[in-house]
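Position 1 is the first residue of the sequence; numbering continues from there. Only heavy atoms go into these numbers, but all of them, side chains included; no hydrogens, no water, no symmetry mates. Whatever order the structure lists them in is the order used to number ligands and atoms, beginning at 1.
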Amino acid sequence: MNEVLKAIRERRSIRSYEERPVEKEKLDQILEAGLWAPSAMNRQPLRLVCVTRKDDCDRLRRLNAAVMGRDGDPYYGAPCIIVALCLRSAATGREDASLALENMMLAAHSLGLGSCWINREREIFDTEEGKALLSGWGLGDEYMGVGALAIGYPKGGPVQAKERNESVIVRVM
Ligand SMILES: Cc1cc2nc3c(=O)[nH]c(=O)nc-3n(C[C@H](O)[C@H](O)[C@H](O)COP(=O)(O)O)c2cc1C
């Protein structure tokens, strides 16, 4: 198996992280992988916000948990959260952002880091507090949340792969 196929096969969603911060060089490489994702007509209607500032990470943890009506940390203690946003006006913004998120998960895996797609970003950035957070990042509410990644060094042993349903693939020959 070549390296790309191997990374696709071996990446797993990681749900426990070490506290130690991720090196800036590694985060830069992950973000670069997101930047090189395809987008419809190469419009790139995205913002990939890499959050390591503790206050902002904590606000995201609280806002995400509030969407679920729970306590706890939906980002599993990850020291870095990358939030993918797209322009509300972009017809394919969610598709474009999803591709960037997948590229970044594969890049993280290739660098020995764990990642996990975390949901509810749309709801977070539709709230007034979410919009205030966006504003603090220099972004207006023309952007909506698509998804986020928890990123960090995995804590604990290897994660068992979840089964795939072969009937997902339909061959018309
Ligand atoms: C759109 C989307 C939303 C997800 N949201 C969450 C989430 O909020 N929390 C979580 O722990 N995992 C989340 N996941 C991760 C999936 O549960 C995971 O990809 C799936 O169980 C397959 O496991 P694997 O990634 O290890 O192959 C999400 C994945 C996707 C694609």
Side-chain angles (χ1 to χ4, degrees), residues 1-19 22 26 30-31 33-34 36-40 45-52 56-88 90-127 129-130 133-134 143-169:
M1 227 189 269
N2 71 42
E3 289 302 312
V4 174
L5 294 176
K6 197 165 176 294
I8 289 171
R9 182 65 184 77
E10 291 181 355
R11 176 214 57 82
R12 295 276 68 81
S13 293
I14 300 300
R15 297 191 172 87
S16 181
Y17 294 92
E18 292 182 4
E19 266 179 46
V22 178
K26 290 195 174 180
I30 292 169
L31 292 164
W36 280 96
S39 67
L46 307 180
R47 290 293 180 267
L48 305 175
V49 185
C50 182
V51 186
T52 52
D56 290 42
C57 284
D58 288 345
R59 271 176 95 180
L60 283 170
R61 297 182 211 281
R62 187 169 47 73
L63 287 170
N64 196 314
V67 174
M68 287 193 286
R70 286 201 214 152
D71 292 330
D73 175 9
Y75 303 90
Y76 306 109
C80 174
I81 299 170
I82 299 180
V83 179
L85 306 154
C86 73
L87 283 175
R88 292 179 191 275
T92 60
R94 294 173 76 175
E95 290 86 341
D96 298 333
S98 299
L99 289 168
L101 286 162
E102 171 70 344
N103 267 16
M104 293 191 290
M105 287 192 280
L106 291 173
H109 176 74
S110 77
L111 294 167
L113 291 159
S115 70
C116 187
W117 179 317
I118 308 297
N119 225 7
R120 296 165 295 279
E121 305 306 307
R122 173 130 196 207
E123 293 90 330
I124 289 175
F125 294 103
D126 280 346
T127 66
E129 204 180 342
L133 195 51
L134 271 191
Y143 285 98
M144 66 180 215
V146 177
L149 298 182
I151 301 265
Y153 286 97
K155 192 156 76 178
V159 171
Q160 184 78 24
K162 290 187 186 161
E163 260 182 48
R164 268 22 182 201
N165 176 1
E166 285 292 332
S167 65
V168 164
I169 299 173

- Message: I need the atoms of ligand 1 closer than 4.0 Å to a non-hydrogen atom of Y76, numbered in the order shown.
- Response: 9 (N), 10 (C), 11 (O)

- Query: Short list, please: which atoms of ligand 1 are under 4.0 Å from a heavy atom of K162?
  - Reply: 21 (O)

- Task: List the closest protein heavy-atom neighbour of atom 16 (C) of ligand 1: residue, atom name, distance to the nearest 0.1 Å.
- Result: R15 NH2, 3.6 Å

- Consider ligand 1: state whether an atom of it lies below 4.0 angstrom from any non-hydrogen atom of R11. yes

- Message: Give me the nearest non-hydrogen protein atom to atom 25 (O) of ligand 1 as residue plus atom name, then the distance to 0.1 Å.
- Response: S13 OG, 2.6 Å

- Message: Ignoring hydrogens and geometry beyond distance, is a side-chain donor-acceptor pair present between R47 and Y143 at under 3.5 Å?
- Response: yes

- At what distance is the nearest protein heavy atom to atom 5 (N) of ligand 1, and which residue and atom is it? W117 O, 3.4 Å

- Between E121 and N64, do the side chains contain an N or O donor and an N or O acceptor separated by less than 3.5 Å? yes

- Task: Measure the shortest side-chain to side-chain distance between E129 and L63 over non-hydrogen atoms and say whether it is less than 4.5 angstrom.
- Result: yes

- Within a distance under 4.0 Å of any heavy atom of C116, pick out the atoms of ligand 1 and give their elements. 10 (C), 11 (O), 12 (N)

- Message: I need the minimum non-hydrogen distance between D73 and G77, along with the two atoms involved.
- Response: OD2-N, 2.5 Å

- Item | Expected output: side-chain R12 to main-chain R9 donor-acceptor under 3.5 Å | yes

- Message: Can you name the atoms of ligand 1, numbered from 1 with element, that are less than 4.0 Å from a heavy atom of R120?
- Response: 8 (O)

- Heavy-atom check, side chain of L60 versus side chain of V51, under 4.5 Å: yes

- Item | I82 vs I30 side-chain heavy atoms within contact, under 4.5 Å | yes

- Task: Please work out which of E121, R12, R164 has its closest non-hydrogen atom nearest to atom 22 (C) of ligand 1.
- Result: R164

- Residue I118 vicinity, atoms of ligand 1 by number, heavy atom under 4.0 Å: 7 (C), 8 (O), 9 (N)

